[in-house]
Structure formats: C-alpha cells, structure tokens
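Written below as structure tokens is the structure these notes are about.
Please read all numbers here as calculations on a predicted model, not as lab measurements. Counting from 1, the numbers follow the sequence of the chain as shown.
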Amino acid sequence: MIEQNQILLEDFKEIAKSLKNPELFRGKKFLITGATGLVGSLLIRTLLFLNEVLELELKIYAVVRDSEKAATIFANVGSKQSLSFIVQDLSEEVIRFDLEHIDYIIHTAAVTESKRMVTNPVETLSMAYHSTEAILKLAREQQVSGVVYISSMEVYGQMHTEHKTTESDLGYVDLTSVRTCYPEGKRVCECLCNAYAKEYSVPVKIARLAQTFGAGVSEKENRVFAQFAKSTVRGEDIVLHTKGESEGNYVYTADAVAAILLLLTEGVPGESYNVSNEESHMKIREMAEMVLAEFSEGRGRIIFDIPEDSLKYGFAPTVHMYLSNEKLRSLGWKPCVNLPEQYRRMIRFWQSETAGG
C-alpha cells in the first residue's frame, strides 16, 4: 500500500469516498507548490494514494526548495514513480518551470512562520506576489483545467459584524503593523487571481483556509494548537501568551484536502471559498480548556504569560470572526471531523509516527 501511516490511510480512504468525479483526474499532470508544507505534502500523499487505489495514472510535480527535506518528508511513502521534485526557490526573482504540460495546479507555498513574518516582511510580501504571478502565468500559458490558490482567513482582518463571516465580507487591516505583510500578501494574491480569471479566463479558485491541523502535522510544529496538545500529553501546564480572546476557526487536515480537490473541478473561477468547520469554532482560551478536559487526565492547568511586546513574536491581533462555510457546502463538501477529534487524530498520528507507522 502506498501510504504506510495507518492514521493517514484512514483519512485518504475518506477523501476517496468524497470525490464527486475522480475520472476528471485520470491521466492528468499536477503541479503542487509548497510540497514540504503541511497542506502541500498531504495533497501529494493523497494523490499518490488515489493514483494507486483508483489506477488514475497521475503524474505529480512537487515544487520544493530543499530536496533533502523533501526526501525526508516522503521517505515513508511507498511507490513514488508518479512523483517528481522540482527544486525551485519561489522567493527568487526569476521563477522557472520547464514543463511540457500541466493540467492542474495547487499553489500552497507561503511564509507561514509568524516570527519570520515580522523579521522578513519584505520577503514575505514579495514571495507571495511573485510566486503567485509565476503560477498564474504558467496556468495561462498551459491552458490548465484548474488552479487552486491557498489563501487564509486572515484576509478578513478585524471583523465587526454580528453575522457569520461570508466571502463577501471584508474587515480592517492595520497597515502600520509589520505583520500585516501576511494578510495583505494574501489579499493582493487573491486580487491577482481574480484579475487572471477575468482577463485571461484562467480557471483559478481561492481556498480561504481556517486554522488547519490534525493527522499529518509534524510533532515539531510549534503553533498554538500543537503546543496545547504536546503540553497536555506530557502532563504539563498550558501556557497562553495572550488573553486567548481571539475566536478560532478550524478545519481538519483531511477535510481541507477534500475541499481543495473539490474546488479544482467544481469551484467557480475567480471566486473565494471559506474552508472551515462551523462546529469547530471557539475562543483560544476555550480551546485550551477543551484540550485539558479531553486529554489531560486531570493534570495541568492554564497559565497566562503575556509579554509586554507581543509584536516581536509575530502574534496575530485579536480577532472576533465566525467563518461561514455555506458557499463551499453548496458544492457538495462537508467537514467530517470536529475539534476534539482533530486533536485525537493528531495525537494518534504522532504516536503512530513514533512507532513506525
């Protein structure tokens, strides 16, 4: 079997069941950027699984910056005859893809480390725009069947509405904050996608991902959700570096992958879609309390350690937003894994990786 991790194997089987028309992928060539990131790597592993069980005869080109890192990430994947690596630093001014033909493109590459956003804001913004422009030019030249650009819920900024946040809403972003390079980068790339869709008929769709985690997340991950899980499993206190008032919008890894594959073939060009589980919505502090209740076995508590200057750590500003997923659900997608199960499956994945699959 192509996938050796049993937790991921369960997820990939569910994704396979969710596909509306897998024949649209038969014999197609995929280009996936950010292939060593969470979403990119899971997309590749999913496609390799589908390729084997459905005999789709796919070809996958994975864009990576570090070939050694890519070899490590995909080391436990079985047959890789359908996978080829393209070593390309998407932060460079000149981006080249020497490919004869591509059918589908999924652009996941982006700066995602908060600390890097505030220490390298120029590079964060520049890489976002120029890499997306290169992808869209390639899509236009090759007349691809579908493109998905991976955006973020951070494009909404500070929302001040009583209703759930839909794709047509837009909030305030503080342009004086250096960390704004990330949401503004996503906004300008969405604008670029829409421009290419309208002017050149490039079939690009935009996936605005909520916080995505679950099986597939590295145990080395240091974002808040992973810190909560690791602290709880170790019987340690959960430390919050903010008041925890931001409202979190979440989606399970496999649910996000299923949404992206659906948008490739079913989404409307130039349109944006929230990818979020409405049932997995709560404040950061509430999530910490939930994790303790579900997994701590009575050990640990919540401790607040709030630095005076949170900006230098790259913390996102406090947001009050509840993402609607109605538009994506109208295409036939539905999230299957809630927040407690997201944590449960992530922890099981870590344990499975430690045990060798």
Side-chain angles (χ1 to χ4, degrees), residues 11 15 18 32-46 105-114 117 124 128 131-132 135 146-157 159 164-167 169-171 182-190 193 204-218 221 223-226 246-264 266-267 271-282 284 287 316 319 321-329 331 333-339 342 346:
D11 284 349
I15 294 172
S18 75
I32 298 178
T33 69
T36 58
L38 173 62
V39 176
S41 63
L42 286 177
L43 278 162
I44 290 169
R45 293 172 83 158
T46 300
I105 301 175
I106 305 174
H107 184 31
T108 80
V111 173
T112 57
E113 303 90 350
S114 291
M117 295 173 194
T124 298
S131 66
T132 303
I135 287 298
V147 185
V148 174
Y149 170 69
I150 304 302
S151 188
S152 165
M153 63 183 177
E154 287 204 38
V155 298
Y156 290 110
M159 299 299 300
K164 291 180 181 178
T165 300
T166 67
E167 290 79 359
D169 292 317
L170 196 61
Y182 180 73
E184 278 298 300
K186 292 296 186 183
R187 283 186 175 189
V188 73
C189 288
E190 285 200 19
C193 288
V204 56
K205 303 89 182 228
I206 299 158
R208 290 176 178 167
L209 296 189
Q211 181 77 76
T212 304
F213 70 89
V217 169
S218 169
E221 175 62 62
R223 279 178 284 184
V224 166
F225 62 83
S246 279
E247 295 179 30
N249 297 264
Y250 305 98
V251 66
Y252 183 59
T253 42
D255 287 335
V257 169
I260 293 166
L261 294 178
L262 177 68
L263 288 177
L264 268 180
E266 303 295 326
E271 297 271 334
S272 300
Y273 296 83
N274 290 335
V275 183
S276 176
N277 186 339
E278 291 188 11
E279 295 182 3
S280 299
H281 173 271
M282 61 182 65
I284 300 297
M287 185 170 72
V319 295
M321 177 174 59
Y322 193 159
L323 285 182
S324 167
N325 64 17
E326 182 179 356
K327 186 174 180 180
L328 183 58
R329 289 178 71 99
L331 298 181
W333 176 84
K334 66 176 182 178
C336 299
V337 178
N338 62 20
L339 197 54
Q342 277 186 249
M346 181 172 66

Backbone of [Y] reached by a side-chain donor or acceptor of [X] within 3.5 Å:
{"X": "E271", "Y": "K205", "result": "no"}
{"X": "N325", "Y": "W333", "result": "no"}
{"X": "N338", "Y": "E279", "result": "no"}
{"X": "T108", "Y": "T33", "result": "yes"}

Do [X] and [Y] make a side-chain contact, defined as non-hydrogen atoms from C-beta onward lying under 4.5 Å apart?
{"X": "S276", "Y": "M153", "answer": "no"}
{"X": "V337", "Y": "N277", "answer": "no"}
{"X": "E190", "Y": "R208", "answer": "yes"}
{"X": "L43", "Y": "L261", "answer": "yes"}
{"X": "F213", "Y": "L339", "answer": "yes"}
{"X": "D255", "Y": "T212", "answer": "no"}
{"X": "V257", "Y": "I260", "answer": "no"}

Identified side-chain hydrogen bond (donor to acceptor under 3.5 Å, both in side chains) counterpart of K164 within the set E326, H281, E278: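 Among the candidates, only E278 passes.
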Quick one: pull up [atom1] in [X] and [atom2] in [Y] and give me the separation to the nearest 0.5 Å.
{"X": "I150", "Y": "T132", "atom1": "CD1", "atom2": "OG1", "answer": "11.0 Å"}
{"X": "E154", "Y": "M321", "atom1": "CD", "atom2": "CE", "answer": "8.0 Å"}
{"X": "M287", "Y": "Y250", "atom1": "CE", "atom2": "OH", "answer": "3.5 Å"}

Using the salt bridge (charged side-chain N to carboxylate O under 4.0 Å, His left out) criterion, which residues pair with E167? Sequence neighbours excluded.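 Expected list: none.
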Salt bridge (charged side-chain N to carboxylate O under 4.0 Å, His left out) with E266: which residues, sequence neighbours excluded?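 E266 satisfies salt bridge (charged side-chain N to carboxylate O under 4.0 Å, His left out) with no other residue.
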Go through E184 and R187 one step at a time and tell me if the salt bridge (Lys or Arg N to Asp or Glu O under 4.0 Å) criterion holds. CA-CA 5 Å; E184 278 298 300; R187 283 186 175 189; 3.5 Å; yes
What I want to check is whether the side chains of Y156 and N249 have a donor and an acceptor closer together than 3.5 Å.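 Not at all, the side chains of Y156 and N249 share no donor-acceptor pair under 3.5 Å.
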